[in-house]
Peer 1: 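Next up is a structure, given as structure tokens.
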Number of protein chains: 2
Amino acid sequence: MTPPKTSSVEHFISLLARLSRLVNHDGHASGLKPAQWDALRFLARANRFSRTPGGLTAYLGATKGTTSQTLMSLEKKGLVEKNPDPLDRRSVALKLTAAGEELAQSDALSSFGSLFEALSPPERQSLEVAMEQLLRAKLQQQGNRPFGICNSCRHFRKNSPDGKLSAGQPHFCSLLKEPLSDHDSHKICIEQEAA
Amino acid sequence: MTPPKTSSVEHFISLLARLSRLVNHDGHASGLKPAQWDALRFLARANRFSRTPGGLTAYLGATKGTTSQTLMSLEKKGLVEKNPDPLDRRSVALKLTAAGEELAQSDALSSFGSLFEALSPPERQSLEVAMEQLLRAKLQQQGNRPFGICNSCRHFRKNSPDGKLSAGQPHFCSLLKEPLSDHDSHKICIEQEAA
DNA sequence: TTATTGAGTATCGAGTCGATACTATTTGAT
DNA sequence: ATCAAATAGTATCGACTCGATACTCAATAA
């Protein structure tokens, strides 16, 4: 006797699909495409270990080829810079240009931000929690990396003596054996695993 | 002193963008594209007044040209049928074929349905409510029609004597002056306005 | 009867996206 | 030290999306 529940699931899927369509639609603003916005957003929030075509590919869940094209168009628009990685010459270090940083500030989805702020605080809270759970579950289901924040990682060592070697880099990543600035520790990392 | 709130909005936008991307990604299943799934989903749930290229265009928020192409590919795949409207020969009546109905049952987003069901009932409830509010607000902001359910419309007349003229069509739409079956009254309508 | 409006289609260009094939570099196993 | 994987990216193909513009008919209004 579950018809009402089933109908709720269908309703949820319908809502999710329509919301996604609207999000996608807004992504066609300011001369960029949704995938380009996603890339820009990632590059603005990812730490130095993750800002590579490969990192972006994993984040987007796309193929290398698609990501490569997206990056090419962002580079052509002068929003992204590519630099060779001196340690691994196969790899490319990505960086937003000043124009890229600026555009990332004026996110195409900011109208959703306003609507979110119009919700009551408890609604905001529970919506965020539920969306987080959904996202996590989906990523885990597909075997994708969570791309969480550096300082919530099990490899994060807060104020580690190893980090103090370089001034301004008080923390440390025990996986990559690299010192971390406070700034870095608030960013998205491809290697992040929940503590 | 609002930095924590601002960060929450950014976090919400990030969640929304990532979730949308995953939804979009799943839309590339079973040989269909996201826009084609959206169209299929709409045609499976829309009432007879709304199942036209124009109705679909308004629902998708796309341009007529894009919708036309999407419909052409669905027709080529044998999922949609086009029939001339005898009353208005400019117009086209859309109908899912048996194959289309069947495919619509196995929705590409059903994996999200399972994840939704894994949430606790209160979480499900509040998530659905919040998403509904967000969707409504966004559609209103853009001046889009809500595409709500027929029987929640201010033009819906339950068990109207006008409806009883035809057997099996007990209800009535006071806007279009048309009798409505119970089945119709549970479907999406392009003309729907909140009661 | 003739504008004008409306429903759809056709076509263009930039982009997406999965798939496949390719180059160059690094690494690992002898 | 060498040579076969494995890895990071790029190049290209085909089907599709999507906004924009131009177009064809049919319906309606003046």
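What you see is a predicted model, and the numbers here were worked out from it, not measured in a lab. Proteins get letters first, then strands, A, B, ... in listed order; numbering begins at 1 in each.
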Peer 1: Would you kindly give the NZ-to-P distance between B/Lys76 and C/dA10, to the nearest whole Å?
Peer 2: 12 Å
Peer 1: Taking only N and O in the side chain of A/Thr67, is any of them less than 4.0 Å away from OP1 or OP2 of D/dG9?
Peer 2: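 The answer is no; no side-chain N or O of A/Thr67 sits under 4.0 Å from OP1 or OP2.
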Peer 1: Are the charged groups of A/Asp184 and A/Lys187 less than 4.0 angstrom apart, N to O?
Peer 2: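 Result for this pair is no, no salt bridge flagged.
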Peer 1: Can you identify which nucleotide, out of C/dG18, D/dC18, C/dG8, has its nearest atom closest to the A/Ala62 side chain?
Peer 2: C/dG18
Peer 1: Would you say D/dC16 has OP1 or OP2 under 4.0 Å from some side-chain N or O of B/His28?
Peer 2: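 Negative; the distance criterion is not met.
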Peer 1: Within less than 4.0 Å of OP1 or OP2 of D/dG9, is there a side-chain N or O belonging to A/Ser91?
Peer 2: yes
Peer 1: Strictly below 4.0 Å: does B/Lys82 bring a side-chain N or O up to OP1 or OP2 of C/dT9?
Peer 2: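 Yes, such a contact exists.
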Peer 1: Using heavy atoms to find the nearest nucleotide of DNA chain D for A/Asp88 and A/Asn24 separately, return the residue whose nucleotide is more 5′.
Peer 2: A/Asp88
Peer 1: Which nucleotide in the set D/dG9, D/dC16, D/dC18 lies at the smallest distance from any side-chain heavy atom of B/Ala35?
Peer 2: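 For the B/Ala35 side chain, the nearest candidate turns out to be D/dC18.
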Peer 1: Would you kindly give the CG-to-P distance between B/Leu71 and D/dT17, to the nearest whole Å?
Peer 2: 10 Å
Peer 1: From the options C/dG8, D/dC16, D/dC18, select the nucleotide whose nearest atom is closest to the side chain of B/Lys64.
Peer 2: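 That would be C/dG8.
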Peer 1: Could you check which of C/dG8, D/dA6, D/dG19 has an atom nearest any side-chain atom of B/Thr63?
Peer 2: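 Among C/dG8, D/dA6, D/dG19, the one nearest the side chain of B/Thr63 is D/dG19.
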Peer 1: Less than 4.0 angstrom between a side-chain N/O of A/Thr70 and OP1 or OP2 of C/dT16, yes or no?
Peer 2: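 Yes, A/Thr70 has a side-chain N/O under 4.0 Å of OP1/OP2 on C/dT16.
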Peer 1: Expressed as a whole number of angstroms, how long is the span from A/Trp37:CH2 to D/dT17:C1'?
Peer 2: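 Distance, rounded to whole Å: 19 Å.
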Peer 1: Start at the 5' end of DNA chain C and walk down; is the nucleotide closest to B/Thr66 or to B/Gly55 reached first?
Peer 2: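 The answer here is B/Gly55.
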Peer 1: Quick one: do B/Glu117 and B/Arg124 make a salt bridge, cutoff under 4.0 Å?
Peer 2: no
Peer 1: Hey, does the side-chain of A/Arg89 have a donor or acceptor N/O within less than 3.5 Å of a partner on the base of C/dT25?
Peer 2: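 It does not, because no donor-acceptor pair links the side chain of A/Arg89 to the base of C/dT25 below 3.5 Å.
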Peer 1: Taking atom types as modelled, find out whether B/Ser50 and B/Asn47 have a side-chain donor-acceptor pair closer than 3.5 angstrom.
Peer 2: yes
Peer 1: Please determine whether a side-chain nitrogen or oxygen atom of B/Lys77 lies at a distance below 4.0 Å from atom OP1 or OP2 of D/dA15.
Peer 2: no
Peer 1: Quick one: sort the B/Phe156 and B/His171 rings into parallel, tilted or perpendicular, breaks at 30° and 60°.
Peer 2: tilted
Peer 1: For B/Asp38 and D/dC16, what is the distance between atoms CG and P respectively, to the nearest whole Å?
Peer 2: 16 Å
Peer 1: Any salt bridge between B/Glu193 and B/Arg145, counting N to O under 4.0 Å?
Peer 2: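 Here B/Glu193 does not pair with B/Arg145 in a salt bridge, since their nearest N and O are not under 4.0 Å apart.
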Peer 1: Could you tell me the separation between the CG atom of A/Asp85 and the P atom of C/dT25, rounded to a whole number of Å?
Peer 2: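 Taking atom P of C/dT25 as the reference, CG of A/Asp85 is at 13 Å.
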Peer 1: If you pin A/Leu87 and B/Met72 to their nearest nucleotides in DNA chain C, which one's is more 5'?
Peer 2: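 By nearest-heavy-atom nucleotide position, the 5'-most residue is B/Met72.
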Peer 1: Which nucleotide wins on minimum distance to the side chain of B/Gln69, given the candidates D/dC18, C/dA7, C/dA10?
Peer 2: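 In terms of side-chain proximity for B/Gln69, the closest of D/dC18, C/dA7, C/dA10 is D/dC18.
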Peer 1: Just how far, in rounded Å, is P of C/dT9 from CG of B/Leu56?
Peer 2: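 It is 11 Å, rounded to the nearest whole Å.
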